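Here is the structure we will look at, set down as structure tokens.
Treat the numbers as computed from the prediction; the structure is a model and nothing was measured.
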Amino acid sequence: MRASGIPFLIIRPTIILGPGAPILGSLEKLALLPVTVVPGSGRVRFQPIHVDDVVRCLMAAARDRLFAGETVAIGGPDVVSFRDLLGEIRRTRKGATGGAVHVPLPALQTPLRMAEAAGLTKVLPITAGH
């Protein structure tokens with residue numbers, strides 16, 4: 001894109017949440033297991049953003065012609081840890097946070113890759129790429 005000579009703006013949202021968001025479905029699968037499964041430490045922090053806010057940002061960029069060859073990261077107003085987000089999803093859907101188990105990332109990689117190779121991606125709560 002940068003080499004094309006075409007004016008552009010790259011928008012990089014963090015996790016986009018909202019109705020039908022694929023990542024939300026994956027997060028719900030992790031959060032709603034009998035015990036919430038937290039990949040890794042769960043301390044990674046990010047700023048999830050609602051899809052409506054992403055759309056507003058894109059519309060404003062197009063309206064104001066903000067194509068200055070930049071890359072802009074956007075996120076919602078709240079900074080949350082992965083574990084806290086899973087807990088909030090569980091609390092919203094079940095009324096309580098319940099327990100959580102942390103699973104080291106390396107312990108997840110091989111089983112997830114094997115399940116993906118077997119064509120089970122649609123039933124997995126997360127993929128090896130997540």
Side-chain angles (χ1 to χ4, degrees):
M1 192 71 219
R2 293 188 193 284
S4 72
I6 299 170
F8 69 91
L9 173 68
I10 297 172
I11 304 249
R12 287 193 177 158
T14 58
I15 293 177
I16 301 173
L17 299 178
I23 190 69
L24 184 56
S26 295
L27 294 173
E28 285 176 335
K29 287 177 185 176
L30 289 174
L32 299 178
L33 290 168
V35 175
T36 299
V37 174
V38 181
S41 71
R43 290 184 293 224
V44 172
R45 298 172 61 80
F46 52 92
Q47 291 177 258
I49 186 167
H50 194 274
V51 64
D52 292 343
D53 294 328
V54 174
V55 170
R56 275 191 281 280
C57 180
L58 293 171
M59 289 174 61
R63 179 192 65 233
D64 298 340
R65 301 185 184 278
L66 301 176
F67 305 109
E70 298 177 348
T71 299
V72 178
I74 61 171
D78 299 321
V79 178
V80 298
S81 71
F82 191 69
R83 180 185 171 127
D84 289 346
L85 179 60
L86 290 175
E88 184 59 30
I89 291 169
R90 186 178 185 94
R91 191 172 20 263
T92 300
R93 302 292 191 270
K94 288 195 165 197
T97 57
V101 62
H102 292 261
V103 180
L105 293 175
L108 291 172
Q109 292 292 317
T110 300
L112 286 171
R113 283 192 184 107
M114 291 172 59
E116 290 169 20
L120 300 174
T121 304
K122 288 188 178 190
V123 297
L124 295 173
I126 59 173
T127 65
H130 287 141

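Closest of all the heavy-atom pairs between Pro48 and Val80 is CD-CG2, 3.7 Å. Nearest heavy-atom pair, Ile16 versus Ile23, reported as atom, atom and distance to 0.1 Å: O-CG2, 3.4 Å. Here the closest non-hydrogen pair linking Ile49 and Gly76 is CB-N, 3.5 Å. Ala100 approaches Val38 most closely through the heavy-atom pair CB-CG2, 4.1 Å. Closest of all the heavy-atom pairs between Gly42 and Ser81 is O-CB, 3.4 Å. The minimum heavy-atom distance between Arg90 and Leu33, with the atom names listed, is NH1-O, 2.7 Å.
Side-chain atoms of Pro104 and Gln109, non-hydrogen and from C-beta on, never get closer than 4.5 Å to each other.
Here CG of Leu86 is found 9.5 Å from CG of Leu32. Values are rounded to the nearest 0.5 Å. How far CE of Met59 is from CZ of Arg63: 8.0 Å, rounded to the nearest 0.5 Å. The CD1 atom of Ile74 lies 7.5 Å from the OG1 atom of Thr14; values are rounded to the nearest 0.5 Å. Separation of atoms CD1 (Ile11) and OG1 (Thr71) is listed at 9.5 Å; rounding is to 0.5 Å. Here Cys57 contributes atom SG and Leu9 contributes atom CG; the two are 7.5 Å apart, rounded to the nearest 0.5 Å. The line from CG of Leu27 to CZ of Phe82 is 5.0 Å long, rounded to the nearest 0.5 Å.
Hydrophobic clustering places Leu66 together with Val54 (ILVMFWY residues linked when any side-chain heavy atoms are closer than 4.5 Å, directly or through intermediates). Cluster annotation: Leu85 and Val103 are assigned to the same hydrophobic cluster (Ile/Leu/Val/Met/Phe/Trp/Tyr, side-chain heavy-atom contacts under 4.5 Å, transitive). Under a hydrophobic clustering in which Ile, Leu, Val, Met, Phe, Trp and Tyr are joined whenever their side-chain heavy atoms come within less than 4.5 Å, directly or via other members, Phe67 and Leu58 fall into the same cluster. When the side chains of ILVMFWY residues are joined at heavy-atom separations under 4.5 Å, either directly or via intervening members, Ile15 and Leu24 end up in a single hydrophobic cluster.
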Next on the checklist: Under the criterion side chain to side chain contact (heavy atoms under 4.5 Å, CB included), I'd like the reasoning laid out for Ile89 against Leu30: C-alpha separation, chi angles, the key distance, then a yes or no.
Outcome noted: CA-CA 10 Å; Ile89 291 169; Leu30 289 174; over 6 Å; no
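The 12-atom threshold is exceeded at CZ of Arg91, counting heavy atoms of other residues, nucleotides or ligands nearer than 6.0 Å.
Remark: the backbone N or O of Ala31 is paired with a side-chain donor or acceptor of Thr36 at under 3.5 angstrom.
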